[in-house]
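Below is one structure, written out as structure tokens, with a few remarks after it.
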Amino acid sequence: ALQNALPAIEAAAIAAYDRLSATATGRLIYAGAGTSARIGVQDGAELPPTFNWPKDRLGFLIAGGPSALLGAIENAEDDAAAGAAAVTALSIGAHDVVMGIAASGKTPYTIGAIETAHNAGALTIGIANNPDTPLLAAAHHAILLATGGEIIAGSTRLTAGTAQKICMNLISNMIMVKMGFVANGMMVAMVPTNAKLRRRRDQINAALGQQPSVD
């Protein structure tokens with residue numbers, strides 16, 4: 001599924017880089033409900049420590065709000081108006097990139113967010129695991145991850161979720177590489193927030209022929 005989607009993934013990542021590199025304020029924003037939202041947060045939350053991506057250039061639109069990351073919020077994903085309102089509340093506009101994720105491709109909250117972001121001038125990316133779905137139709141860049149039926153029917157945290165995670169890794173890593181936060185395959189802009197990462201930073205500096213840092 002990912003091999004077949006690589007051309008669409010590459011096109012979306014390059015378009016996202018072009019939009020985000022055009023200004024110093026454009027944001028990368030993830031939108032989703034349930035498992036898809038959690039996978040989006042997992043990908044996005046790693047960008048500040050790994051690449052020193054500014055936290056004010058990162059956003060999350062989560063059906064049901066942050067508490068939905070730890071537990072299901074009843075009916076939250078069915079509220080398209082809430083998705084639209086979340087986009088308006090963040091003042092999403094032409095400098096931003098909004099990535100909507102929904103295995104079914106039919107989640108009203110995510111579609112509402114992508115449609116509203118699209119109309120506000122943001123670059124929109126839709127990631128779904130079913131073809132010919134409203135989310136893919138609503139986005140500037142449609143990425144179909146055709147993973148088929150789950151071995152546990154309906155449990156999209158499995159094959160669909162794994163493919164989504166890899167897809168978002170590819171997109172975010174490609175953006176960060178093109179932004180210049182990677183050299184010789186190493187995360188040279190990482191934020192060393194603990195002893196392990198300070199050692200890793202010094203290893204990176206040594207590999208690049210730089211002096212160890214003093215904290």
Side-chain angles (χ1 to χ4, degrees), residues 1-62 66 69 86-87 90 92 94-103 110 113-114 117-118 122-129 135-136 139-145 147 157 160-193 197 200-201 204:
L2 284 152
Q3 286 286 347
N4 291 337
L6 283 178
I9 292 171
E10 181 180 17
I14 291 172
Y17 162 75
D18 289 343
R19 184 66 62 96
L20 293 170
S21 63
T23 70
T25 57
R27 294 167 291 178
L28 179 59
I29 297 166
Y30 298 74
T35 295
S36 294
R38 296 180 189 108
I39 294 170
V41 170
Q42 184 182 17
D43 187 71
E46 293 293 331
L47 301 182
T50 304
F51 302 108
N52 202 18
W53 182 250
K55 291 182 180 179
D56 61 0
R57 298 190 66 185
L58 182 67
F60 301 101
L61 306 178
I62 303 163
L69 296 176
V87 169
L90 279 186
I92 289 171
H95 299 315
D96 300 317
V97 175
V98 182
M99 192 153 44
I101 316 105
T110 309
I114 289 295
H118 189 293
L123 179 76
T124 54
I125 301 169
I127 301 171
N129 298 83
L135 177 61
L136 297 180
H140 289 106
H141 290 270
I143 300 174
L144 170 63
L145 304 174
T147 47
R157 70 187 182 86
T162 299
Q164 290 174 358
K165 176 65 164 62
I166 297 169
C167 177
M168 282 184 274
N169 280 170
L170 289 170
I171 292 171
S172 60
N173 281 343
M174 187 169 179
I175 292 169
M176 297 301 143
V177 168
K178 289 179 71 65
M179 284 283 188
F181 299 135
V182 176
N184 296 337
M186 292 177 284
M187 46 188 190
V188 293
M190 61 170 285
V191 180
T193 54
L197 293 178
R200 183 174 298 166
R201 185 220 22 223
I204 290 171

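Given the structure is predicted, the values throughout are model-derived calculations rather than measurements. Atoms considered below: every heavy atom in the structure, side chains included; atoms not considered: hydrogens, waters and symmetry mates.
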- Task: Kindly determine whether Val98 and Ile125 satisfy side chain to side chain contact (heavy atoms under 4.5 Å, CB included), including the steps that lead there.
- Result: CA-CA 6 Å; Val98 182; Ile125 301 169; over 6 Å; no
- Message: Please check: side-chain N/O of Ser21 versus main-chain N/O of Tyr17, any donor-acceptor pairing under 3.5 Å?
- Response: yes
Within the structure provided, determine whether [X] and [Y] are in side-chain contact (heavy-atom separation under 4.5 Å).
{"X": "Leu61", "Y": "Ile92", "value": "yes"}
{"X": "Lys178", "Y": "Met174", "value": "yes"}
{"X": "Glu46", "Y": "Phe51", "value": "no"}

- Any side-chain donor paired with an acceptor under 3.5 Å for His140 and Thr124? yes
Indicate the atoms forming the closest heavy-atom contact of [X] with [Y], along with that distance.
{"X": "Ile171", "Y": "Ile127", "value": "CD1-CD1, 4.3 Å"}
{"X": "Ser172", "Y": "Tyr30", "value": "CB-OH, 3.9 Å"}
{"X": "Leu135", "Y": "Gly100", "value": "CD2-O, 3.7 Å"}
{"X": "Leu2", "Y": "Ala163", "value": "CD2-O, 3.8 Å"}
{"X": "Ala5", "Y": "Ile143", "value": "CB-CG2, 4.2 Å"}
{"X": "Leu58", "Y": "Gly44", "value": "CD2-O, 3.2 Å"}

- Thr35 OG1 to Ile101 CD1 distance, which is reported to the nearest 0.5 Å: 11.5 Å
- Find the distance between CZ (Phe181) and CD1 (Ile175) and round it off to the nearest 0.5 Å. 11.0 Å
- Message: Could you walk me through whether Gln164 and Asn129 satisfy the side-chain hydrogen bond (donor to acceptor under 3.5 Å, both in side chains) test, starting with their C-alpha distance in whole Å, then the side-chain angles of each, then the deciding distance to 0.1 Å, before giving a yes or no?
- Response: CA-CA 8 Å; Gln164 290 174 358; Asn129 298 83; 3.1 Å; yes
- Hey, mind stepping through Met99 and Ile29 against side chain to side chain contact (heavy atoms under 4.5 Å, CB included) and telling me if it holds? CA-CA 6 Å; Met99 192 153 44; Ile29 297 166; over 6 Å; no
